[in-house]
Amino acid sequence: MSSAERVLDEILARAEESSIFTDRDKLTPDYVPESLPFREEQVAKLAGILVQVLRGYRANNVFIYGLTGTGKTAVARLVSGRISEKARELGRPVDTVYVNCRMRDTEYRVLADILEALGRPVPFTGLSISELESRLRRVLEATGRRLVIVLDEIDYLLRKQGDNLLYRLTRMNSHLQRGSVTVVGITNDIKLVESLDPRVKSSLGEEEIVFPPYNAPQLKRILEERARLAFKPAVLEEGVIDLCAAIAAREHGDARKALDLLRTAGEIAEREGSPKVTVEHVKKAQSQLERDRVYEVVSTLPLHAKLVLLAATRVATARGRATTGETYAEYTRLAQALGLEPVTARRATDIISELDMLGILHARVVSRGRYGKTKMVTLAADRRSIENALRDDEVLSRLLPPS
DNA sequence: CCTCCACAGGAAGCGCAGGAGT
DNA sequence: ACTCCTGCGCTTCCTGTGGAGG
């Protein structure tokens, strides 16, 4: 089934009465649960910092980091949500804004979102960045409001636009007579933050909160809690939650992954018309998620990366593994067959390393003595999933027989 | 112990596209 | 409209290297 069909399927499945779910959305990544098990410490710390705005002071900037699926977003949303509720209750001039920098990955869009949250919407284009910035300053100055800006997945913004906006936001306070700005930055890429301008780094890092990965028993508790909200009673077979937790624990304790597995397993069970979600459904869910991931990664690869991947796949299938030299030779043949000028071997080795980092190939450097040093390449993903994704490329489809 | 294979992977630079500043 | 700048994909040139075979 293509991913388009699957999406359609999913939507239509929700139209009819479900035999499995009571509320499937409780398992989606953007649901913010009311309680966050094993994150009491982080919630308390963040709340302790941000509560200053309710007392009429500027709160310190906060920098939050941890791997994917460790609850960073959920904690930030929960705390900032409660802060603004409390502010309304007490009639305090406080605003909180949540911006996901992956979706809003330019300075303009981030500032536009902030202004919109303050009730000062701006056109989606046409103004300069500095105009938006001075509008923001004027609003804060005029109303004396204390603003908390949560910038989630801030690494996307940094990669694309640099740290300019961050620098100006954190510095804005020194120009304000009234009101204030607090920035809560969330990231899972610590390396990127190391490369920040030291001034930004020190002002954003006034406070730091670390989110460690969950272990298997913790994931289990989290899943059990969510399952109670999402599934009809007793539809989960023995061992289903344990398996989801175990798989996700193996992948650096990623709670999102665990929830994805459980939700997808439920969806598969529903589609099959099964009255129960079984361990088998979880296994199917795992391979479906893996297929989707491979497709997503492979189909967005540039042409020559796809060709190198195809070459490596062919050699590895024929011989069990492939060296850089073998892969490059095969790649050159493929490129020429398509009338393309091949990239150099130097570039090809980089492409192989990139494919390794994407988790599509394994590339291990080995020395074979007399026979030189090379990278041994094997497939890190299912061969058919890879070929499937490659076949969808217009140029490459001629090289692959239809399935 | 030394050699020397078959690459790994660093450094520098080039052409290009796209965005910012003027 | 124009320059200037930057990042990206890539090439060219290069030095480095683990260990089987001599």
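These numbers were taken from a predicted model, which means no experiment stands behind them. Protein chains get the first letters and strands the later ones, always in sequence-line order, with residue 1 at the start of each. We use all heavy atoms of the structure for the numbers below, so side chains are in, but hydrogens, waters and symmetry mates are not.
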- line: Ranking dG9(C), dG18(C), dA8(B) by distance to the side chain of Arg347(A), first place goes to dG9(C)
message: Let me confirm one number: the CD-CD distance from Glu270(A) to Glu267(A), rounded to the nearest 0.5 Å.
response: 7.5 Å
task: State whether a side-chain donor-acceptor pair under 3.5 Å links Asn388(A) with Tyr295(A).
output: no
statement: DNA chain B nearest-nucleotide lookup for Thr324(A) and Gly369(A): closer to the 5′ end is Gly369(A)
field: Phe211(A) and Tyr65(A) aromatic centres sub-6.0 Å
entry: no
task: Nearest whole angstrom, please: distance from the C1' of dT11(C) to the NE2 of His304(A).
output: 13 Å
Cation over ring face, Arg39(A) and Tyr214(A), 6.0 Å, 45°: yes
Phosphate contact (dA20(C) OP1 or OP2) by Arg370(A) side-chain N/O below 4.0 Å: no
message: Looking only at the side chains, is there a donor atom on one of Glu141(A) and His175(A) sitting less than 3.5 Å from an acceptor on the other?
response: no
- request: Grab the CZ-P distance between Arg109(A) and dG19(B) for me, whole Å please.
  value: 11 Å
query: Is any side-chain N or O of Lys373(A) closer than 4.0 Å to OP1 or OP2 of dG9(B)?
result: no
- prompt: Starting at OH of Tyr328(A) and ending at C1' of dC10(C), how long is that distance when rounded to a whole Å?
  reply: 12 Å
- request: Would you mind reading off the distance between Leu132(A) atom CG and dA20(B) atom P, rounded to a whole angstrom?
  value: 13 Å
field: Rounded interatomic separation in angstrom, taking CZ from Arg364(A) and C1' from dT17(C)
entry: 17 Å
message: Rounded to whole Å, please give me the gap between OH in Tyr108(A) and P in dA20(B).
response: 12 Å
query: Distance check: side-chain N/O of Thr344(A) vs OP1/OP2 of dT11(C), anything under 4.0 Å?
result: yes
- request: Just compare dG19(C), dA8(B), dC10(C) and give me whichever is closest to any side-chain atom of Ser367(A).
  value: dG19(C)
message: Base of dG9(B), side chain of Arg346(A) - is there a donor-acceptor contact under 3.5 Å?
response: yes
- prompt: Over how many whole Å does the gap from Glu341(A) atom CD to dC10(C) atom P extend?
  reply: 13 Å
task: In whole angstrom, give the distance that lies between atom CZ of Arg368(A) and atom P of dC4(B).
output: 18 Å
